[in-house]
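Below: one structure, written as structure tokens.
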Amino acid sequence: MFEMNSFSLKGKIAFITGASYGIGFAIATSFAKAGATIVFNDIKQELVDRGLASYQELGIKAHGYVCDVTDEEAVLALVQKIEKEVGIIDILVNNAGIIKRIPMVEMSAKDFRQVIDVDLNAPFIVSKAVIPSMIKKGHGKIINICSMMSELGRETVSAYAAAKGGLKMLTRNICSEYGKYNIQCNGIGPGYIATPQTAPLRERQADGSRHPFDSFIVAKTPAERWGDPEDLMGPAVFLASDASNFVNGHILYVDGGILAYIGRQPE
């Protein structure tokens, strides 16, 4: 029988990659409020320290580690360390990611590979590292931070779109392979969220007018605004909790309605 405490994460250990700030930080914060113990990583010690300070300001005791999630050996060592120092990971959020806005014909293969490595290979590496213990425990939640670019294309983001499209299918394949072990793997596809990563697209012009892309996104979004990281908190808690135990292989788009909207008719 359904109970509201099905949304509780009390007693759960959640590992959110790249959660020093932005979307990852917001999701981790929501998990902590729902009762989870928070573990996160970032690629540099100064970023980890920044994250720890931000969590502490909110009264959250988080465990932060330095790790490059594209390095398989380093990830395996980190997961073993977390299991020893904190406990078995119940919830994994593959949040760490990068974007390079470069026209495809101007983009080097090296840059393309770097985006694929961080945005697609790393979720594969980290998921692979935590799944064995989830199988032994008999339950686990994996949430991949996908994107509207899992469904759409746009100029200058060929590598990012390719990676996020691949991540959508990796999500479905983890569901297909490991659902029988009571592991649910789902994705969240954020719309355009106001984060440091998207800040250049929202900068005011010299004359005080909105950035052209900012105006475009607001016009294209039925909600008529950018999303806030907090808009992802509820969906993330749902997918991390027992309330979603029969939801698997699903991508939940949190986009203010963009994917449902063809756009306004020109006046």
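For K137, the NZ atom counts as densely surrounded, since its 6.0 Å shell holds more than 12 non-hydrogen atoms of other residues, nucleotides or ligands. At most 12 heavy atoms of other shown residues, nucleotides or ligands fall within 6.0 angstrom of atom CZ in F124. Within 6.0 Å of atom CD in E73, 12 or fewer heavy atoms from other residues, nucleotides or ligands are found, so the atom counts as exposed in its surroundings. Summarising the local packing, CD of E83 is surrounded by more than 12 heavy atoms from other residues, nucleotides or ligands at distances under 6.0 Å. Within a 6.0 Å sphere centred on CZ of R154, other residues, nucleotides and ligands contribute more than 12 heavy atoms.
A continuous path of Ile, Leu, Val, Met, Phe, Trp and Tyr side chains, each step under 4.5 Å between heavy atoms, connects L92 with L167, placing both in one hydrophobic cluster. L170 and Y181 end up in the same hydrophobic cluster when Ile, Leu, Val, Met, Phe, Trp and Tyr side chains are linked at under 4.5 Å. Cluster annotation: I82 is not connected to I88 through the hydrophobic network of ILVMFWY side chains, with a link wherever side-chain heavy atoms come within less than 4.5 Å. When the side chains of ILVMFWY residues are joined at heavy-atom separations under 4.5 Å, either directly or via intervening members, I145 and L9 end up in a single hydrophobic cluster. If you chain together hydrophobic residues whose side chains sit under 4.5 Å apart, V48 and V126 never meet in one group.
Considering only heavy atoms from C-beta on, V218 comes within 4.5 Å of R210 through its side chain. Using a 4.5 Å heavy-atom cutoff, the side chains of R204 and H211 are not in contact. Contact check for F31 versus V93: side-chain heavy atoms found under the 4.5 Å cut-off. For the pair E85/H63, no side-chain contact is recorded, criterion being any heavy-atom separation below 4.5 Å from C-beta on. Side-chain atoms of I135 and I183, non-hydrogen and from C-beta on, do get closer than 4.5 Å to each other. Looking at I131 and I174, their side chains come closer than 4.5 Å, going by heavy atoms from C-beta outward.
Residues A243 and F238 approach most closely at O-CE1, 3.6 Å, considering heavy atoms. Taking each heavy atom of S127 and I142 in turn, the nearest pair found is OG-CG2, 3.9 Å. Minimum interatomic distance between A62 and F40 (heavy atoms only, all atoms of both residues): CB-CE2, 4.0 Å. The minimum heavy-atom distance between A19 and Y55, with the atom names listed, is O-OH, 2.7 Å. Closest non-hydrogen pair, D119 versus I98, comes out as OD2-O, 2.6 Å. Across all their heavy atoms, V69 and A122 have their closest contact at O-CB, 3.4 Å.
When atom types are taken as modelled, the side chain of N95 and the backbone of G18 share a donor-acceptor pair closer than 3.5 angstrom. At least one donor-acceptor pair under 3.5 Å links the side chain of N186 to the backbone N or O of V247. Remark: side-chain polar atoms of N248 are paired, donor with acceptor, to backbone N or O of C185 under 3.5 angstrom. Put simply, the side chain of K141 gets close to the backbone of S241: a donor and an acceptor are under 3.5 Å apart.
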**side chain to side chain donor-acceptor pair (under 3.5 Å) evaluation trace for Q184 with S244** = CA-CA 8 Å; Q184 291 85 51; S244 63; 5.6 Å; no
**Request:** Would you please test R50 and Y21 for side chain to side chain contact (heavy atoms under 4.5 Å, CB included) and show each step?
**Result:** CA-CA 8 Å; R50 170 184 168 183; Y21 59 92; 3.7 Å; yes
**Prompt:** Can you check side chain to side chain contact (heavy atoms under 4.5 Å, CB included) on I99 and M149, steps first, answer last?
**Reply:** CA-CA 11 Å; I99 188 170; M149 297 300 108; over 6 Å; no
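A distance of 4.0 Å separates CG in D68 from CD1 in I43, rounded to the nearest 0.5 Å. How far OG of S147 is from OH of Y253: 8.0 Å, rounded to the nearest 0.5 Å. The distance from the OG atom of S108 to the CD atom of Q114 is 9.0 Å, given to the nearest 0.5 Å. Summarising the geometry, atom CD1 belonging to I89 is positioned 7.0 Å from atom CG belonging to L78; distances are rounded to the nearest 0.5 Å.
Here the options are D214, T221, T195, T198, the test is side chain to side chain donor-acceptor pair (under 3.5 Å), and the partner is W226; only D214 passes.
Aromatic ring pairs are classed by plane angle as parallel below 30°, tilted from 30° to 60° and perpendicular above 60°; the pair F213 and F216 is tilted.
Taking the charged nitrogens against the carboxylate oxygens, E230 and K33 have no contact shorter than 4.0 Å, which rules out a salt bridge.
At a cut-off of 3.5 Å, with distance as the only test, a side-chain donor of N182 or H139 sits close to an acceptor on the other residue.
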